[in-house]
There are 2 protein chains.
Amino acid sequence: MQGVKIVCRGWAFAFSILPDGRRQILSFLLPGDFASTAAVLNERVGISLQALTEVCYCDYDRGDLIDCVRSDSKVFEKFSELCNTERNEANEMVTDLGRRTANQRVARLILALMARLQERNQVRDGSFEFPLRQQHIADATGLTPVHVSRVFSAFRQAGMLAVKGRSLTVQNEAELQRISSER
Amino acid sequence: MQGVKIVCRGWAFAFSILPDGRRQILSFLLPGDFASTAAVLNERVGISLQALTEVCYCDYDRGDLIDCVRSDSKVFEKFSELCNTERNEANEMVTDLGRRTANQRVARLILALMARLQERNQVRDGSFEFPLRQQHIADATGLTPVHVSRVFSAFRQAGMLAVKGRSLTVQNEAELQRISSER
DNA sequence: CGGAAACTTGATCGAATTCAAATAAGGTGG
DNA sequence: CCACCTTATTTGAATTCGATCAAGTTTCCG
């Protein structure tokens, strides 16, 4: 029987795949994330997972986790919080894809990832590990890789961010924020 | 303290609102639906609810529900299933908005609603109550009302569906299915 | 050094938006 | 039941954002 996985180190992502082979990335998994909270509650999930970097994960027995969640109210509370966060992220994603421009989607993705890494103390002077290829960004934002390249070029040229190897530096967070939330 | 609501009769929808006032509909609530399972787990949810028709709902105490979910393993199982369904729907929505055309999004929305109503035995010969304005469809599919009108016109003209008053009839489900899943 | 994958850039195309106006549908008070 | 008013829907024309197509470049590695 399949257990529930929690990422300890490295990046991964969850995605769904379309009949024609294109894919939609549903979420990125950073160290400490459940490989979907849904996996705890239900054995079968209709999505696929893929590693972005070398990943180290822990594998727990689903039954044990459920017992743990049900018996300890502190754990239940924490787990609920986690579900809620995931849910909010999904809602944010729907709103981004439904109602925001390419620039906004890319800006928001970068800021969201930075915020999550910040919580994990993995950002130094606006710089953080960034193992995504532009294809991944395209699949997460519902754009084409070509257009992602153009957006990145524009952001770079405007001095908002810089990419070097597998690391990204946000040079002008305020401006990215502004773009994210302009109407 | 705010309780958890379950729709007994009528339609409602959950949505988020953008700084400029546009909105993104996140889900439709049909009779029997929780007003978001998330509301059970966490008191605060960052989304708004609005009724589409006259709605009748039951209001439960959150603490009671949590106790019930935690103490009874059958209930826990059912609740987990519900969370999972919601989650899958959100994922489907992300995929639709990120990767599918206007025609596909509209076709899929109609089919998804029909399927949910079918489970509730509220479809007769392809016809069912349909209280949505085109604005709602637009807000759910990330389109403009104008474009929704065009898509509907095309579907109607192709004999796939018919709208009369607050009721919709799917006349050619197979064709809608085909459009939904064409590459 | 060579080859493959990733990224960039330009030109063109197309789906959906925007703007604007006309028509239809619904609901209300007389 | 009808005239009137408001809210929805339809339709057309012009525009725009992002996609697609097609070469280049760069980067990364063995």
Side-chain angles (χ1 to χ4, degrees), chain A residues 11 13 18 20-25 50 52-54 96-110 129-158 160-168 179-180 182-183, chain B residues 18 20-25 50-54 96-110 129-158 161-168 179-180 182-183:
Chain A
W11 292 43
F13 61 94
L18 295 162
D20 62 357
R22 289 178 307 157
R23 75 186 169 191
Q24 173 66 49
I25 291 183
Q50 192 173 314
L52 268 165
T53 64
E54 205 164 296
D96 283 354
L97 295 179
R99 291 299 185 203
R100 292 193 236 255
T101 65
N103 283 354
Q104 294 178 322
R105 293 185 210 175
V106 173
R108 293 173 65 88
L109 174 60
I110 291 168
E129 189 200 354
F130 194 76
L132 307 190
R133 325 282 55 236
Q134 294 189 352
Q135 178 72 60
H136 297 120
I137 301 173
D139 288 339
T141 52
L143 302 169
T144 55
V146 176
H147 198 66
V148 170
S149 167
R150 291 191 223 275
V151 172
F152 256 72
S153 297
F155 285 0
R156 242 184 287 111
Q157 210 155 349
M160 286 186 250
L161 50 77
V163 183
K164 186 143 196 228
R166 299 288 78 117
S167 134
L168 188 151
I179 286 178
S180 296
E182 82 191 338
R183 15 202 98 187
Chain B
L18 295 161
D20 63 357
R22 286 178 309 157
R23 74 185 169 191
Q24 174 66 48
I25 290 183
Q50 192 172 312
L52 268 164
T53 64
E54 205 164 294
D96 282 354
L97 294 179
R99 292 298 184 206
R100 294 194 235 253
T101 65
N103 284 353
Q104 295 179 322
R105 292 185 213 175
V106 173
R108 293 172 65 87
L109 174 61
I110 290 168
E129 190 200 354
F130 194 74
L132 307 188
R133 325 283 54 238
Q134 293 189 356
Q135 178 72 61
H136 297 122
I137 301 173
D139 288 339
T141 53
L143 301 169
T144 56
V146 175
H147 198 64
V148 169
S149 167
R150 292 190 222 275
V151 171
F152 255 71
S153 298
F155 285 1
R156 241 183 289 112
Q157 210 155 348
L161 51 77
V163 183
K164 187 143 197 228
R166 299 288 79 119
S167 133
L168 188 151
I179 286 179
S180 296
E182 83 190 339
R183 10 202 103 187

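All of these numbers come straight from a predicted model, not from anything done at the bench. Order of the sequence lines fixes the chain letters, A, B, ..., with proteins taken first and strands second; residue numbering starts at 1 for each chain.
Here A:Ala140 pairs with A:Ile25, A:Phe28, A:Leu109 under the side chain to side chain contact (heavy atoms under 4.5 Å, CB included) rule; sequence neighbours left out. Partners of A:Gln135 under the side chain to side chain donor-acceptor pair (under 3.5 Å) rule, at least two apart in sequence or in another chain, are A:Asp139. In this view, A:Phe13 and A:Phe15, A:His136 satisfy the ring-ring contact (aromatic ring centres under 6.0 Å, His included) rule, not counting sequence neighbours.
Between A:Pro131 and A:Leu52 the shortest heavy-atom distance is O-CD2, 4.1 Å.
When side chains are defined from C-beta on, A:Thr53 counts as touching A:Glu129, because their heavy atoms get closer than 4.5 Å. B:Ile137 places a side-chain heavy atom less than 4.5 Å from the side chain of B:Phe130.
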N/O-N/O pairs, protein side and nucleotides 14-16 of chain D side, under 3.5 Å:
none

Within the sub-3.5 Å range, which N or O atoms of nucleotides 23-28 of chain D have a protein N or O partner, and how far apart are they?
none

Walk me through it: do A:Leu97 and B:Gln24 pass the test side chain to side chain contact (heavy atoms under 4.5 Å, CB included)?
CA-CA 10 Å; A:Leu97 295 179; B:Gln24 174 66 48; over 6 Å; no
Show your working on side chain to side chain contact (heavy atoms under 4.5 Å, CB included) between A:Val163 and A:Phe155 and close with a plain yes or no.
CA-CA 11 Å; A:Val163 183; A:Phe155 285 0; over 6 Å; no
Go through it in stages, so that I can follow the logic: the residues are B:Ile110 and B:Phe152, the test is side chain to side chain contact (heavy atoms under 4.5 Å, CB included), and I'd like the CA-CA distance, side-chain angles, deciding distance and then a yes or no.
CA-CA 11 Å; B:Ile110 290 168; B:Phe152 255 71; 3.9 Å; yes
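For the helix from C:dC1-D:dG30 to C:dG30-D:dC1, the end axes, each set by the C1' atoms of five terminal pairs, are bent relative to each other by 50° (nearest 10°).
Atom CD in A:Gln134 sits 11.5 Å away from atom CG in A:Leu143 (nearest 0.5 Å). Here OG of B:Ser180 is found 8.0 Å from CZ of B:Arg100. Values are rounded to the nearest 0.5 Å. Within the model, atoms CG of A:Asp20 and CD of B:Glu182 stand 10.5 Å from one another, a figure rounded to the nearest 0.5 Å. Distance check, rounded to the nearest 0.5 Å: CD of B:Gln104 to CZ of B:Arg99 gives 12.5 Å.
When atom types are taken as modelled, the side chain of B:Ser149 and the backbone of B:Pro145 share no donor-acceptor pair closer than 3.5 angstrom. Side chain of A:Thr141 to backbone of A:Val106: no donor-acceptor contact under 3.5 angstrom is found.
Pairs passing the salt bridge (Lys or Arg N to Asp or Glu O under 4.0 Å) check and including a residue from residues 143-157 of chain B, sequence neighbours excluded, do not occur. Listed by first and then second residue, the salt bridge (Lys or Arg N to Asp or Glu O under 4.0 Å) pairs that reach into residues 101-110 of chain A are A:Glu92-A:Arg108, A:Asp96-A:Arg108, sequence neighbours excluded.
Of all the residues in residues 96-110 of chain B, not one reaches under 4.0 Å from DNA chain D with any non-hydrogen atom. Residues of residues 139-147 of chain A having a heavy atom closer than 4.0 Å to DNA chain D, listed by number: A:Gly142, A:Leu143, A:Thr144, A:Val146, A:His147.
Of all nucleotides in DNA chain C, those with any atom nearer than 4.0 Å to a heavy atom of chain B start and finish, going 5' to 3', at C:dA16 to C:dG26.
A:Gln134 has its CD atom 13 Å from the P atom of D:dA19, to the nearest Å. When rounded to the nearest whole Å, the span between CZ of B:Phe152 and P of D:dT9 equals 9 Å.
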